[in-house]
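What follows is a single structure, written as structure tokens, with notes after it.
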Amino acid sequence: MTTTVVLIRDTDSGGADRTRDVHDLFTQKVRDAGLQNEVQVVRAADLGIYNKGMVAKILPQGIVYAGIADADVDDIVTTTLAQKMPVSRLVYCGANEQVRIVMRNCGIVNPECIEDYIARKGYQGIKRALYDLTPEKAIEELKTSGLRGRGGAGYPTWLKWSLARNAFGDRKFVICNGDEGDPGAYMDRSVLEGDPHSVIEGMMIAAYCIGATKGFLYIRAEYPLAIKRVQKALDDAYGTGLLGKDILGTSFCLDLEVRLGAGAFVCGEETALIASVEGKRGTPRPRPPYPSDVGLFGKPTVINNVETFANVSYILLNGAKTFASIGTDKSKGTKVFALTGKIRNSGLVEIPMGTPLRVIIEDIGGGVASGKKILAVQTGGPSGGVIPEQHFDTPVSYEHLLELGSFMGSGGMIVMDEDDCLVDIAKFYLGFCVDESCGKCAPCRIGGFQMLKVLEKITDGKGMPEDLDTLKRIAQAMRKASLCALGQGAPNPIISTMKYFAEEYRQHIVDRKCRAGKCTRLMRFEILDTSCKRCKLCVVNCPVHCIAGDREKGYRIDQEKCIKCGRCFEVCKFEAVARS
Amino acid sequence: MATLYIDNKPYEFEEGRNLLHTCLGLGFDIPHFCWHPALDSVGACRQCAVKLFKDENDCTGTIVMSCMTAARDNMRISIDDKEAHEFRAEVIGFLMANHPHDCPVCDEGGECHLQDMTVLTGHTYREHRFKKRTHRNQDLGPFVHHEMNRCIACYRCVRFYRDYAGGKDLEVFGWHDSVYFGRHESGVLASEFAGNLVEVCPTGVFTDKTFRKHFTRKWDLCSAPSVCVHCSLGCNTIAGQRSGVLRRILNRFSEDVNGYFLCDRGRFGYEFVNGSRRVRTPLAKKGRNQKLEPLDRSAAIKRVAELFSSGRPVIGIGSGRASLESNFALRQLVGPQRFFVAESETQHSITTEIVHALRRTPASRASLRDVAKAGAVLVLGEDVTNTAPLLALAVRQACRTAALTNAHGLGIDPWNDAAIRETGHNVRSSLVVATPTLTKLDDVATTVYHAPPDDISRLGFAIAHALDGSAPAPRGLSPEIEAMARGIARDLAQAARPAVVSGAGSGSASVVEAAAGVAAALYKVNHDACLCMSLSECNSFGCTLLGGRDLTAALDAAERDNAEAVVVLEADLYRNCDPAIAGALLTLPRNVVVIDHTLTATAAMADLVLPAATFAEASGTFVNNEGRFQRFFSAIAPQAGFAPGYRWIAEILSVVGPEAPRWETLDDIVNDMESRVADCAGIRAAAPSASFREGSQKIARQSFRASGRTALLANTSVAESPNPADPDSALAFSPEGIQAPREQPLVARYWAPGINSVQAVSKYHGDPPAALVKGEAGADAAENHGAKAPAAFASHASEWLVMPLHHIFGSEELSMLSPSVASLARSALIVLNPEDAAKLSIRENDAVEVSNYALSCACVAAIASWVTKGSAALSVGRPETQGLDLPEWLWIRKAGAP
């Protein structure tokens with residue numbers, strides 16, 4: 001019986017893929033050690049770790065080894081697999097508190113092989129629902145589990161479903177929202193690419209519960225591999241009779257279809273997504289009516305996030321109580337985060353609800369890569385907030401994050417260190433929301449644009465103290481007046497950074513300085529005559545030709561003409577350009 | 001009545017509307033943009049915020065969008081609340097951030113909703129210190145001017161154009177801060193209702209292009225309530241003029257008739273009033289073949305009066321485009337026996353048939369509002385989009401009644417437009433379009449049937465028979481048609497308020513009979529049934545009430561009685577009958593007198609032309625297709641040269657006979673008519689009489705902001721000239737008087753304190769008076785009155801049944817005198833079945849000759865499969881096809897072919 005799984009993958013993007021060779025080597029060594037019955041070596045599709053050379057992940061311990069050379073394989077087999085001891089020199093990420101529910105199969109099963117999924121008790125959840133539970137009972141099960149929507153808002157899933165179940169409609173629909181658009185977030189992508197069948201199974205359970213006969217997986221077109229794998233999974237499911245008519249010998253029928261998002265962030269909003277599936281302009285509309293009453297093509301519709309559906313199939317398989325035992329009072333289960341930014345071990349982490357932020361960042365993430373002081377973490381995507389270091393002991397749950405002025409969102413988590421300028425970060429997120437505003441309601445369409453202009457002014461060194469009041473005023477107006485969550489949430493990064501990092505704003509406006517040196521317009525570039533080797537590289541590269549001089553006297557930057565682009569600083573090979 | 005507490009004061013209101021609409025109706029001002037009384041709420045602009053309190057103890061309250069909140073009993077809100085006020089100021093600040101502030105050069109200036117709302121919210125200072133976004137404009141055709149930079153993105157235009165009017169070629173493009181409302185490329189807006197964008201747009205993005213050509217500031221216009229003359233629906237309009245030039249037409253809200261909208265023919269067809277072919281002084285010929293030359297007014301009267309002293313009879317030909325008063329005056333002048341109507345024999349029989357059907361039907365006579373609320377609609381034989389466009393808009397709204405009912409069942413308020421459209425995706429009321437030609441309503445119809453008029457009529461008879469077994473059944477009906485008829489009958493019988501729509505457009509009396517039969521049969525099973533029929537001209541109904549006979553009878557009478565003269569009132573006989581008959585009528589009598597405003601072909605044949613006033617220069621009454629008496633008032637003060645038709649005739653009468661009635665004012669004629677013509681009972685109720693005063697004042701035609709009153713004529717005299725008198729109405733040619741009258745027929749402009757734009761309409765409640773022509777006695781016995789279904793259509797060997805093809809721009813006489821409308825008219829078209837076209841070796845766009853024994857006309861071929869083999873459809877009302885009385889069996893050949 002297999003007890004240990006070794007997932008391996010070559011995470012370097014370029015060059016030849018070594019995975020196959022190392023897999024063969026591993027298998028050989030395992031066989032040599034006589035462990036072939038206890039250890040399974042799997043070539044993983046994605047480990048959520050990139051550019052770290054050959055990576056091996058040992059489950060269930062969760063130890064990750066990175067940068068493995070062929071010679072290291074022997075060590076791993078003899079030390080870790082045989083003796084259960086870590087090989088400390090290779091450890092990328094030690095054993096930790098992660099709990100894998102959503103990602104239970106990711107990297108383990110071959111996502112293009114339905115048998116793999118079935119072998120890991122796949123489609124047992126829907127079988128249980130169809131044979132042992134009535135739709136009401138299944139919804140009851142979800143209620144017991146306490147599962148809340150993983151798209152960000154945290155609406156109780158069972159409630160959404162029972163509303164749709166009780167809504168009148170000759171047809172009902174179920175939609176999987178895979179339009180993951182937050183910068184830095186790729187949880188849904190990993191699940192869709194790594195374990196598409198768990199999402200399909202979740203959708204089947206939803207369809208059974210509400211009485212839907214048709215479903216759509218709305219996946220953004222920027223995820224070609226996810227689309228390909230989901231399509232393959234659907235084809236296989238149809239091929240084995242798990243989709244289509246009379247599923248598993250019952251009268252339950254369901255058709256699923258993939259729809260591609262065309263790149264609009266706002267189409268992740270449920271009413272905009274529905275409009276998009278219908279072939280209309282993807283703009284949100286006021287609710288009520290909620291999609292559970294009037295959704296796709298005017299019919300009752302359940303629309304849930306990828307992660308929610310992956311949870312659903314787990315709950316039905318393992319029982320609500322197992323699920324509910326994990327997490328906090330009001331937030332049950334686990335949450336997947338895409339941990340990125342200045343973190344040492346960037347990647348996907350799945351942690352039980354209620355885990356403090358510090359554990360995620362320092363224990364699982366391994367702290368800041370540069371060794372510099374950690375400044376803050378940004379959660380909830382572009383409309384989330386920035387949480388400063390002093391609040392890192394806050395447990396991660398819907399309620400706690402909201403108290404801090406951020407929110408769970410779909411699960412992006414970006415770590416910032418001293419080199420990051422919070423004003424610049426706020427500007428980046430706001431810029432994203434401004435770009436992605438659908439243009440329907442005025443506060444979002446124009447308010448966001450105005451705030452962006454004010455922020456640009458501040459980062460350009462032209463800010464005035466009263467600009468902060470303007471920002472606050474517009475931010476409040478946008479929060480109150482916008483039609484959907486995109487506009488209501490767009491000012492969050494500004495509000496939270498202004499709250500926790502007021503000093504940074506003051507520096508930008510009063511001192512005309514950017515601590516982190518990100519706001520180049522606030523910089524002053526000078527050529528240090530002593531270090532300058534007169535190579536003229538800066539002169540050649542200056543886009544506005546503001547560097548003049550000769551080999552005798554040296555070169556000088558005309559500060560009047562300088563546009564602070566930083567090009568000279570970047571190209572100088574002798575560190576002779578000073579930035580202050 | 002429920003009570004609403006606004007800022008702690010109780011107000012009575014009727015439930016069922018949203019807070020915004022309710023508060024506006026109570027006289028409050030709440031700034032708003034995306035909400036429109038006809039388009040209802042979507043909650044997009046976020047401007048109409050008010051504060052809602054839970055109860056009298058709640059001091060905090062929450063901000064809500066008043067357009068998205070239902071007004072309920074005992075609700076407590078605050079409009080003046082500081083937070084709500086700041087919220088609104090913030091939103092208008094957003095909206096104005098990119099607006100160019102070009103009011104001084106903007107066409108909308110002075111009548112701009114955005115201006116009003118900006119002032120209302122107290123927004124005076126642009127705090128956004130950055131560049132504005134700009135757009136390129138498009139050429140949207142001859143009617144609507146596009147100036148995108150002014151856009152505040154309220155989305156009203158696309159909501160009206162696409163959602164309400166079913167247009168396809170106006171869309172919102174772009175994204176985030178740069179949304180663009182326009183077509184995918186420059187081009188003529190395809191919708192017949194595009195002109196409403198001018199009124200729907202809260203600012204100057206869409207403005208009236210024809211108005212631009214003779215622009216004047218809105219506050220300098222002298223306006224009067226008017227009635228559209230370009231079809232029989234009688235949409236209520238406001239005509240605005242300055243210095244004798246008619247500048248524009250605006251919608252006048254009438255709940256029963258046109259609501260908030262007009263069609264483009266009605267809005268832009270007005271320019272004939274300023275046309276080059278207007279007759280402005282009396283013209284006379286010295287002899288038959290001489291030229292028309294100006295004549296003194298009194299000499300002209302004398303010359304006409306002399307015709308009556310010869311002892312030989314004078315024949316009078318009235319028309320459906322002249323007012324009821326003028327027609328009546330003519331009838332009094334020549335006597336009822338010698339009063340005729342400018343219609344061919346067929347046309348006349350159809351008009352009479354329709355009027356009788358409407359007056360006799362046991363079902364109720366439908367107003368446009370009734371049609372818009374109908375649960376199911378059967379359109380039988382009429383291409384309403386082209387003959388009575390606003391009826392098509394009403395039918396389009398009727399398609400939504402099922403969605404409204406469905407939404408009601410879901411607990412959605414009737415004003416929540418976004419939600420209703422969302423829920424109404426697949427819910428569509430039954431709409432049957434059974435017409436000889438393709439129609440623009442086909443896209444929303446649940447059943448479409450195109451066939452020659454007789455087959456349409458047979459379908460109608462089959463439906464009537466399916467509804468009521470005692471109604472005559474057509475013989476030899478195919479099983480498919482029979483099944484279709486049964487299905488339609490079932491839908492109509494089960495629907496709430498089903499409507500039957502038909503009209504004169506198909507040129508077939510049997511279609512009209514069938515429609516009347518369906519309505520009568522439907523009434524037996526569904527007492528909510530109603531019937532709506534369109535006629536050919538704006539006063540066809542009224543003219544028929546006076547009981548004249550057709551032109552063939554007129555010619556007979558002229559020959560038999562050896563007539564001394566024929567007096568033609570506002571009609572071009574050549575447009576209305578066989579040119580041979582028209583020619584004979586205009587040559588046989590010794591004298592031809594034409595009273596008309598335009599030098600038509602008929603007027604050119606006259607010995608004497610008396611210049612008539614158009615609708616803009618005269619007051620009078622039209623009877624619309626529903627039988628509704630509607631008064632229009634002169635916007636342009638009386639001028640020396642011309643006068644309303646009835647005024648000319650009154651003057652002639654005063655010379656001709658000492659026993660002539662004393663018609664000093666319009667009211668005199670109206671009163672006289674009411675006492676003499678039983679069918680005209682009710683005409684007096686159309687509008688308040690000239691003696692009506694609100695307080696002690698007349699209604700002002702001009703805004704109190706009208707400028708330059710003392711300076712305008714200073715080039716002739718520096719003394720201030722008195723305002724022109726108006727003895728015919730309760731309106732004054734003056735800025736002094738009531739600005740916002742309560743009586744709907746007297747509304748000369750929409751205005752409320754602080755609201756200078758047409759959006760002030762939401763503060764008006766005045767419904768038009770129900771002045772309807774009474775039904776005819778013996779209605780119950782009248783059903784079917786012996787009508788029989790015609791035989792099925794059968795093709796002829798060498799002839800084609802040519803059916804009338806109506807064009808909204810091109811088929812109507814007066815609008816074609818407007819350059820903007822004329823620019824959209826195409827040359828006469830004949831549409832052929834592909835097989836017939838192949839047989840005749842005619843290809844698309846080939847020149848084709850269509851002829852009968854006497855006439856031959858040239859047209860351009862189009863090929864479409866909806867045309868039944870053996871038939872064809874030919875443009876009507878075009879100069880090329882004048883004189884044909886379609887449908888008619890005609891020869892068709894490729895031009896130049898033997």
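Since the structure is predicted, the reported quantities are computational estimates derived from the model, not experimental observations. A note on names: the letters A, B, ... follow the listed sequences, proteins ahead of strands, and every chain is numbered from 1.
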Applying a strict 4.5 Å limit to non-hydrogen atoms, the region of A/Thr271 in contact with chain B is neither
Under 4.5 Å to a heavy atom of chain A? For B/Asn416 that would be side chain
Looking only at B/Cys154, B/Cys45, B/Gly174, B/Ala418, the option with the highest number of non-hydrogen pairs under 4.5 Å against chain A is B/Gly174
Filtered by a 4.5 Å non-hydrogen cutoff, the part of residues 290-303 of chain A contacting chain B is A/Val294, A/Gly295, A/Phe297, A/Gly298, A/Lys299
Check your understanding: Considering only heavy atoms from C-beta outward, does the side chain of A/Val266 approach that of B/Trp175 to under 4.5 Å?
Key -> yes
Whatever's closer than 4.5 Å to a heavy atom in chain B on A/Gln476 counts as neither
Minimal heavy-atom distance between B/Gly43 and A/Leu483, with the atoms involved, is O-CD1, 3.2 Å
Of all heavy-atom pairs linking A/Cys438 and B/Val179, the shortest is O-CG1, 4.0 Å
The interface call for B/Tyr180 against chain A, heavy-atom contacts under 4.5 Å, is neither
Legend entry - Main-chain N/O of B/His176 paired with A/Arg445 side-chain donor or acceptor, under 3.5 Å: no
If one checks every heavy atom of B/Leu410 against chain A at 4.5 Å, the contacting part turns out to be side chain
Handout entry: side chain to side chain contact (heavy atoms under 4.5 Å, CB included) evaluation trace for A/Phe449 with B/His128
Key = CA-CA 10 Å; A/Phe449 181 75; B/His128 183 56; 4.1 Å; yes
Most heavy-atom pairs under 4.5 Å with chain B, out of A/Ser437, A/Ser482, A/Gly448, belong to A/Ser437
*Salt-bridge test for A/Lys480 and B/Glu90: reply yes if a basic N is under 4.0 Å from a carboxylate O, no otherwise.*
no
Residues passing the side chain to side chain contact (heavy atoms under 4.5 Å, CB included) test with A/Arg220, sequence neighbours excluded, are A/Asp179, A/Glu222, A/Tyr223
* Going through the checks in order, is the side chain to side chain contact (heavy atoms under 4.5 Å, CB included) test met by A/Asp467 and B/Arg129? -> CA-CA 11 Å; A/Asp467 286 342; B/Arg129 300 275 109 203; over 6 Å; no
(Q) Quick one: does any side-chain atom of A/Arg281 pair with a main-chain N or O of B/Val172 as donor and acceptor, under 3.5 Å? (A) yes
Honestly, the part of B/Glu86 sitting under 4.5 Å from a heavy atom of chain A is neither
If one checks every heavy atom of B/Phe94 against chain A at 4.5 Å, the contacting part turns out to be both
Is the shortest side-chain heavy-atom distance between A/Arg285 and B/Arg421 below 4.5 Å?
no
